[in-house]
Amino acid sequence: MRRLLPLLLLCLCLTGCIQYDVGITYDSQTHGELVQRIRLDGQIPAARRSTARAWLDGLEQQARKLGGKVRHPSKQESLITIPFNNGKDLAAKFNRFFNPSQEERRQLWGPDLAELPAIAARMTVRETNLLLVQRNRLSLDLDLRSLAVRGADGRLLVSPGGLLDVDFNLNTPWGVRSVDSTPEPKLGNRQLTWILQPGELNHLEAVFWVPSPLGLGTVAIAVIVGIGALVKALLEGDGGVE
């Protein structure tokens with residue numbers, strides 16, 4: 001019952017579906033954005049909209065603490081953008097946003113909403129510099145099992161699938177491929193899209209490449225220096241002949 005009551009509270013408060021799109025866009029080795037688009041279904045009863053709004057306000061407040069910005073394309077939609085500088089910064093901000101402490105949850109949402117099921121998320125990004133390019137391996141575990149209610153035998157009793165629809169997108173400037181992901185993603189133009197499974201453990205992993213401005217700058221400087229040395233040598237050679 002301790003696990004069932006929070007989920008029933010969520011069902012009562014947020015009757016209808018929540019569309020939650022999470023996207024990571026890498027522009028370069030040193031810049032990218034974590035973008036979240038949250039839409040509340042119009043079927044949410046008017047009496048419960050204040051609860052839904054309080055939940056969204058908490059997410060927006062958490063994003064602003066991480067240097068993020070918030071826009072509202074419509075009354076039922078929030079667009080949250082959090083910039084990051086590199087893979088380490090991305091992982092740190094992502095993990096902090098999705099794993100607030102219990103005290104932070106109470107500050108953001110109050111004692112009632114703070115007791116709703118938490119989503120356990122853990123991201124790591126391993127970066128390997130190869131002069132002109134950087135190889136990245138992103139790994140993400142999203143444990144959504146706390147949103148479901150299971151019996152003693154492990155069978156699913158209450159599924160959150162009708163309440164929560166979550167997509168995760170990874171956009172890169174160059175190619176990207178999935179590695180041992182569950183569920184399997186859809187591959188688009190330099191983009192991977194996972195449709196997450198509420199009530200299940202989701203493992204997302206991908207390898208992708210981004211250009212290295214530092215490496216490209218180093219090569220450009222070396223080329224300029226080399227050309228300068230060559231021109232100087234040619235001029236000195238011409239002077240010696242005269």
- Query: Mind checking whether Leu56 and Leu66 sit in one hydrophobic cluster, side chains of I, L, V, M, F, W, Y counted as touching below 4.5 Å?
  - Reply: yes
- Query: Below 4.5 Å, heavy atoms only, C-beta onward: do Pro173 and Pro211 meet side chain to side chain?
  - Reply: yes
- Item | NZ-CH2 distance between Lys186 and Trp194, expressed to the nearest 0.5 angstrom | 13.5 Å
- Once the angle between the rings of Tyr20 and Trp55 is folded into 0 to 90°, is it parallel (under 30°), tilted (30 to 60°) or perpendicular (over 60°)? perpendicular
- Message: Determine whether Phe84 and Tyr26 satisfy the following criterion, ring pair (Phe, Tyr, Trp, His ring centres under 6.0 Å), listing intermediate values before the conclusion.
- Response: CA-CA 9 Å; Phe84 60 85; Tyr26 263 83; 5.2 Å; yes
- Query: Which atom names give the shortest non-hydrogen contact between Ile82 and Gln36, and what distance separates them?
  - Reply: CD1-NE2, 4.2 Å
- Would you check if there is a donor-acceptor pair between the side chains of Glu200 and Asn202 at a distance under 3.5 Å? no
- Smallest separation among heavy atoms of Ile24 and Leu138, with atom names: CD1-CD1, 4.2 Å
- Quick one: do Glu205 and Arg137 make a salt bridge, cutoff under 4.0 Å? yes
- Roughly how far apart are Thr193 OG1 and Asn169 CG, rounded to 0.5 Å? 4.0 Å
- Is any side-chain heavy atom of Val210 closer than 4.5 Å to a side-chain heavy atom of Phe208? yes
- Measuring from Lys88:NZ to Thr124:OG1, what's the distance to the nearest 0.5 Å? 13.5 Å
- Task: Taking atom types as modelled, find out whether Ser78 and Glu60 have a side-chain donor-acceptor pair closer than 3.5 angstrom.
- Result: yes
- Go through the steps for Trp209 and Val176 under the test side-chain contact (heavy atoms from CB on, under 4.5 Å), then give the verdict. CA-CA 7 Å; Trp209 303 76; Val176 60; over 6 Å; no
- In terms of heavy-atom contacts, Leu192 and Pro185 come closest through CD2-CG, 4.1 Å
- Message: The test is side-chain contact (heavy atoms from CB on, under 4.5 Å); show your working for Leu34 and Met123 and say whether it passes.
- Response: CA-CA 13 Å; Leu34 169 61; Met123 174 185 288; over 6 Å; no
- Can you find a heavy atom in the side chain of Ser139 that is under 4.5 Å from one in the side chain of His203? yes
- Answer with yes or no whether the hydrophobic clustering places Val70 together with Phe94; edges join I, L, V, M, F, W, Y residues whose side-chain heavy atoms lie under 4.5 Å apart. yes
- Query: Would you say Leu187 and Leu140 are hydrophobically clustered, going by side-chain heavy atoms of ILVMFWY under 4.5 Å?
  - Reply: yes
- When you measure from the side chain of Ser181 to the backbone N and O of Pro183, does any donor-acceptor pair fall under 3.5 Å? no
- Task: Please step through side-chain contact (heavy atoms from CB on, under 4.5 Å) for the pair Thr172 and Thr25, ending with a clear verdict.
- Result: CA-CA 6 Å; Thr172 67; Thr25 298; over 6 Å; no
- Task: Apply side-chain hydrogen bond (donor to acceptor under 3.5 Å, both in side chains) to Gln134 and Asn136, showing your working.
- Result: CA-CA 6 Å; Gln134 177 178 275; Asn136 298 272; 3.0 Å; yes
- Quick one: pull up CD in Gln62 and CZ in Arg64 and give me the separation to the nearest 0.5 Å. 12.0 Å
- Item | Lys65, NZ atom: more than 12 neighbouring heavy atoms under 6.0 Å | yes
- Task: Evaluate the criterion side-chain contact (heavy atoms from CB on, under 4.5 Å) for residue pair Arg37 and Glu77; output intermediate values, then yes/no.
- Result: CA-CA 7 Å; Arg37 186 184 295 271; Glu77 185 175 6; 2.7 Å; yes
- Item | Side chain Lys93, main chain Pro83, donor-acceptor under 3.5 Å | yes
- Query: Quick one: do Asp21 and Arg39 make a salt bridge, cutoff under 4.0 Å?
  - Reply: yes
- Task: With the side chain counted from C-beta on, respond yes when Leu196 and Leu142 share a heavy-atom pair under 4.5 Å apart, and no when they do not.
- Result: yes
- Message: Could you see if Leu59 belongs to whatever hydrophobic cluster contains Val35? Use Ile, Leu, Val, Met, Phe, Trp, Tyr and a side-chain cutoff under 4.5 Å.
- Response: no
- Query: Any side-chain heavy-atom pair from Gln191 and Leu170 closer than 4.5 angstrom?
  - Reply: no
- Which is it for Thr30 and Asn85 under the side-chain hydrogen bond (donor to acceptor under 3.5 Å, both in side chains) test, yes or no, and what are the steps along the way? CA-CA 5 Å; Thr30 58; Asn85 299 320; over 6 Å; no
- Query: Do Gln61 side-chain atoms and Gly58 backbone N/O form a donor-acceptor pair below 3.5 Å?
  - Reply: no
- Message: Using 0.5 Å steps for rounding, measure from the CD atom of Glu104 to the CH2 atom of Trp109.
- Response: 9.0 Å
- Message: Do Ile80 and Ile38 make a side-chain contact, defined as non-hydrogen atoms from C-beta onward lying under 4.5 Å apart?
- Response: yes
